[in-house]
Amino acid sequence: MNQHAPEPAADSPADADTKDPRIARREKMRQIAALGIDPFGSRYDNRTMMGHCKDLASEVYWEKEDGTRVELPSFDDPDLDYRQWKSENGPGAEKGPTVRVAGRIMLSRGQGKLIFLTLKDWTGEIQIFVGKKQVGAEDFDLAKLFDLGDLVAAEGRLGRTLTGELTVFAEKLTFHTKMLEPPPDKHAGLTNQDLRQRMRYADLAFNEGVVETFLDRTKIVKSVRKTLDSQGFCEVEGPTLHTVAGGAAARPFATHHNALDMPLTMRIALELHLKRLMVGGMERVYELGRVYRNEGISPKHNPEFTMLECYQAYGDYHSMMDLTEQIIVEAIEAIGGGYVREYDGHRVDFTPPFKRATYAELFEEATGVSSDDEAAVVQLAKQLKLKTEDRHLDVIRNEIFEEKVEDSLHGPIFVIDYPASICPLTKRKKDKPEIAERFELFVLGMEIANAYTELNDPDLQQELFETQLEGLDEEESMAKMDNDFIRALRYAMPPAGGLGLGIDRLVMLLTGKKSIRDIILFPLQRPES
RNA sequence: GAGGGUGUAGCUCAGUCGGUAGAGCAACGGACUUUUAAUCCGUUGGUCCUGGGUUCGAGUCCCAGCACCCUCACCA
């Protein structure tokens with residue numbers, strides 16, 4: 001023991017306190033400082049990332065006394081006895097590259113003058129062998145002050161233990177940062193949903209697969225950008241503070257600008273500003289950003305979430321369908337794992353091309369009623385106990401569709417050609433004005449993407465907005481007339497295809513997470529009491 | 001917003017009929033130089049979510065509140 005460490009007094013009242021994990025950690029921090037080591041550490045260069053150590057495993061070999069080099073046996077073989085193999089190939093010595101690893105202590109197995117540590121960085125985990133004889137008394141005394149969760153580093157030779165585990169045989173230890181809070185259960189981790197979200201740092205640090213999920217999210221988002229960039233789209237940043245929140249049917253968050261003494265709302269969609277840019281001649285634009293909707297919270301809804309919207313001048317909804325498929329397929333390729341994926345116990349096959357079916361076909365298939373047969377549709381609605389009085393037939397039809405068809409759409413499937421009256425921002429088919437050129441992409445009943453051949457007739461657009469706003473009082477009104485947008489359309493927006501894609505839902509699907517709160521780093525929560 | 005569930009040690013969880021608080025891990029002391037959630041011996045640790053009520057007595061029953069989870073609604 002070093003001379004700076006205090007002698008614990010046998011009957012000291014402080015003795016009971018050191019049984020409090022937090023106090024014990026601070027006491028060890030004090031002892032580390034007493035060794036002349038900064039308990040909050042400093043720079044550590046030339047690290048070998050732990051994921052890379054796995055690649056370096058092939059460089060570990062056995063050198064016989066006569067200098068001949070022997071490949072190590074396969075450690076995948078469960079019957080392998082490495083100790084026996086060594087004696088059969090001995091005398092000799094295991095050789096391997098020297099590495100410098102730094103990370104968090106996840107597990108510690110002390111065994112007298114020997115300590116095994118499991119260290120973790122964001123690329124993986126690796127075992128560290130700390131022997132008193134190998135690291136020296138000074139470093140070994142330091143290692144005895146390590147706690148689970150501390151950040152430390154080890155430099156040493158990469159090799160195999162008797163059980164074959166890839167291990168860094170430490171020659172030098174470095175202390176980096178003391179964790180002053182006690183860690184969660186070393187096996188179960190932090191399972192309390194509330195705490196996982198409230199203390200995402202602990203969730204990331206101690207729960208298996210959490211970092212990987214969020215790294216996958218980043219890969220997906222990067223891939224989406226890459227796909228769009230490769231197709232000549234230009235990423236832009238629209239305002240998040242709007243004077244009129246438009247582009248979607250949702251209630252906005254209200255806020256206020258002090259200097260201008262002006263009410264503002266947070267954006268609920270990206271659409272109307274991107275279209276203004278198309279009027280200005282930016283022919284392929286997209287924004288991948290946060291929108292805010294003042295609505296209920298559920299496993300599929302967070303008040304702020306990430307949307308992709310993109311617009312292609314001189315395209316239509318079919319152009320967008322091909323693009324959507326490409327975006328998703330390339331995102332899957334970016335995170336790996338193949339086109340066939342598991343979600344909530346279901347098998348989903350994203351092998352392109354995705355199935356395409358019209359709204360009317362699916363309606364008839366699921367209900368046995370032709371969507372054109374008005375009387376039958378109304379009768380069906382009554383059967384389903386849906387409100388029919390004073391409602392447009394398309395609205396009734398769509399309620400039936402949502403109830404009977406959407407939830408059962410396994411997908412991925414593009415539902416195309418919607419009834420026009422429920423799509424106010426959509427261009428209608430030339431030969432069938434009652435049908436809108438629109439698709440929605442469904443997977444397991446979830447709406448992932450929504451695209452239109454965009455409406456660019458300013459007068460018709462205004463009329464449709466007004467119809468949409470009719471009968472809504474101030475409180476209920478989810479959209480307000482955006483006169484500047486109508487004026488923009490009068491400056492001529494090219495015919496275009498437009499796409500909206502819910503990034504969070506795509507990430508949920510591709511990472512297999514059932515709750516949006518598992519793929520948003522910091523979902524909204526009430527403050528801690 | 002409606003309905004259901006959960007809340008107990010730092011973490012993960014038991015707690016029977018209402019009888020005065022338990023385990024594993026972590027922590028603390030000890031043994032151990034090839035462990036794998038190491039093992040073994042010993043020790044400590046509680047605002048039973050909060051506030052009322054019923055009762056001789058409440059972690060347990062009742063009421064109210066708070067937080068989280070699930071289902072539904074709004075929404076994507």
Side-chain angles (χ1 to χ4, degrees), chain A residues 8 10 12 14-25 27-28 82-83 86 94 106-118 125 127-135 140 147-149 159-167 169 179-199 202 206-207 247-252 268-269 291-309 402 406 440-442 445-450 476 478 500-506 508 514-517 523 525-529:
Chain A
S12 159
D15 192 44
D17 288 346
T18 61
K19 285 167 181 167
D20 178 328
R22 288 191 176 87
I23 292 172
R25 278 168 185 268
E27 171 56 22
K28 285 183 214 168
Y82 190 39
R83 189 196 296 260
K86 279 177 166 181
E94 195 188 78
M106 304 307 289
L107 292 170
S108 172
R109 297 175 288 280
Q111 197 168 321
K113 297 183 178 65
L114 177 63
I115 302 168
F116 288 97
L117 300 174
T118 301
E125 290 188 344
Q127 176 170 267
I128 315 294
F129 177 107
V130 183
K132 186 170 184 178
K133 206 163 121 190
Q134 289 83 351
V135 296
F140 196 74
D147 283 312
L148 295 182
R160 297 282 184 171
T161 58
L162 290 181
T163 52
E165 173 128 356
L166 189 67
T167 300
F169 289 87
M179 182 167 88
L180 294 173
E181 290 286 330
D185 187 285
K186 68 184 180 186
H187 184 54
L190 195 62
T191 61
N192 182 307
Q193 280 299 317
D194 182 24
L195 293 181
R196 284 189 56 204
Q197 290 153 33
R198 218 174 272 292
M199 303 199 295
F206 294 102
N207 285 349
R251 272 185 296 228
I268 57 172
V291 296
Y292 308 85
R293 296 189 182 177
N294 206 341
E295 305 283 356
I297 293 172
S298 86
K300 290 190 175 69
H301 300 85
N302 193 60
E304 51 178 317
F305 64 103
T306 305
M307 281 268 299
L308 165 73
E309 286 196 31
E402 283 175 5
E406 282 189 5
E440 289 194 286
L441 175 65
F442 284 93
M446 264 200 286
E447 184 197 328
I448 302 300
N450 186 11
E476 278 182 344
M478 290 177 175
L501 192 149
I503 295 294
D504 303 278
R505 290 193 175 170
L506 179 63
M508 284 169 71
K514 276 180 264 176
S515 170
I516 199 169
R517 302 169 88 75
Q525 282 189 301
R526 285 189 171 86
E528 207 165 352
S529 50

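What you see is a predicted model; the values in this text were computed from it and never measured. Chain letters run A, B, ... following the sequence lines, proteins first, then strands; residues in each count from 1.
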Taking B/A58 as the reference, what is the distance to B/U47 when you measure between their C1' atoms (whole Å, please)? 15 Å
Between A/L190 and A/T167, which has a closest nucleotide on RNA chain B that is more 5'? A/L190
Kindly say whether, by distance alone, the side chain of A/D20 makes a donor-acceptor pair under 3.5 Å with the base of B/G10? no
Sugar-phosphate, base or nothing in reach of A/E181, heavy atoms under 4.0 Å: nothing
Counting Watson-Crick and G-U wobble pairs only, both distances under 3.5 Å, name the nucleotide matched with B/A2, or none. B/U71
Report which part of the nucleic acid A/K113 touches: base, sugar-phosphate, or nothing (heavy-atom distance under 4.0 Å, all strands). base
A/Q193 near the nucleic acid: base, sugar-phosphate alone, or nothing, with a heavy-atom cut-off under 4.0 Å? sugar-phosphate
When both distances are under 3.5 Å in a Watson-Crick or G-U wobble arrangement, the nucleotide paired with B/U47 is none
Using a heavy-atom cut-off of 4.0 Å across all strands, would you classify A/K28 as base, sugar-phosphate, or nothing? sugar-phosphate
OP1 or OP2 of B/C66 less than 4.0 angstrom from a side-chain nitrogen or oxygen of A/R526, does that happen here? no
Length of the CE-P vector between A/M199 and B/G10, whole Å: 12 Å
Tell me, please, which residues at least two apart from A/D194 pass side chain to side chain contact (heavy atoms under 4.5 Å, CB included). A/N192, A/R198, A/Q525
Between B/A76, B/U33, B/C68, spot the one nearest the side chain of A/R198, thanks. B/C68
Whether the side chain of A/Q127 and the base of B/U35 hold a donor-acceptor pair under 3.5 Å is what I'd like checked. yes
Taking the C1' atom in each of B/G46 and B/C40, what is the distance between them to the nearest angstrom? 28 Å
Side-chain donor/acceptor of A/T191 to base of B/U12, under 3.5 Å: no
May I ask you to decide if the ring planes of A/F129 and A/F169 are parallel, tilted or perpendicular, using 30° and 60° as cut-offs? tilted
Of all residues at least two apart in sequence or in a different chain, which pass the side chain to side chain contact (heavy atoms under 4.5 Å, CB included) check with A/D185? A/H187, A/A188
Using both distances under 3.5 Å as the test, list the Watson-Crick or G-U wobble partner of B/G42, or none. B/C28
Sugar-phosphate only, base, or nothing, as touched by A/Q111 at under 4.0 Å among non-hydrogen atoms: base
Between A/K133 and A/P303, which has a closest nucleotide on RNA chain B that is more 5'? A/K133
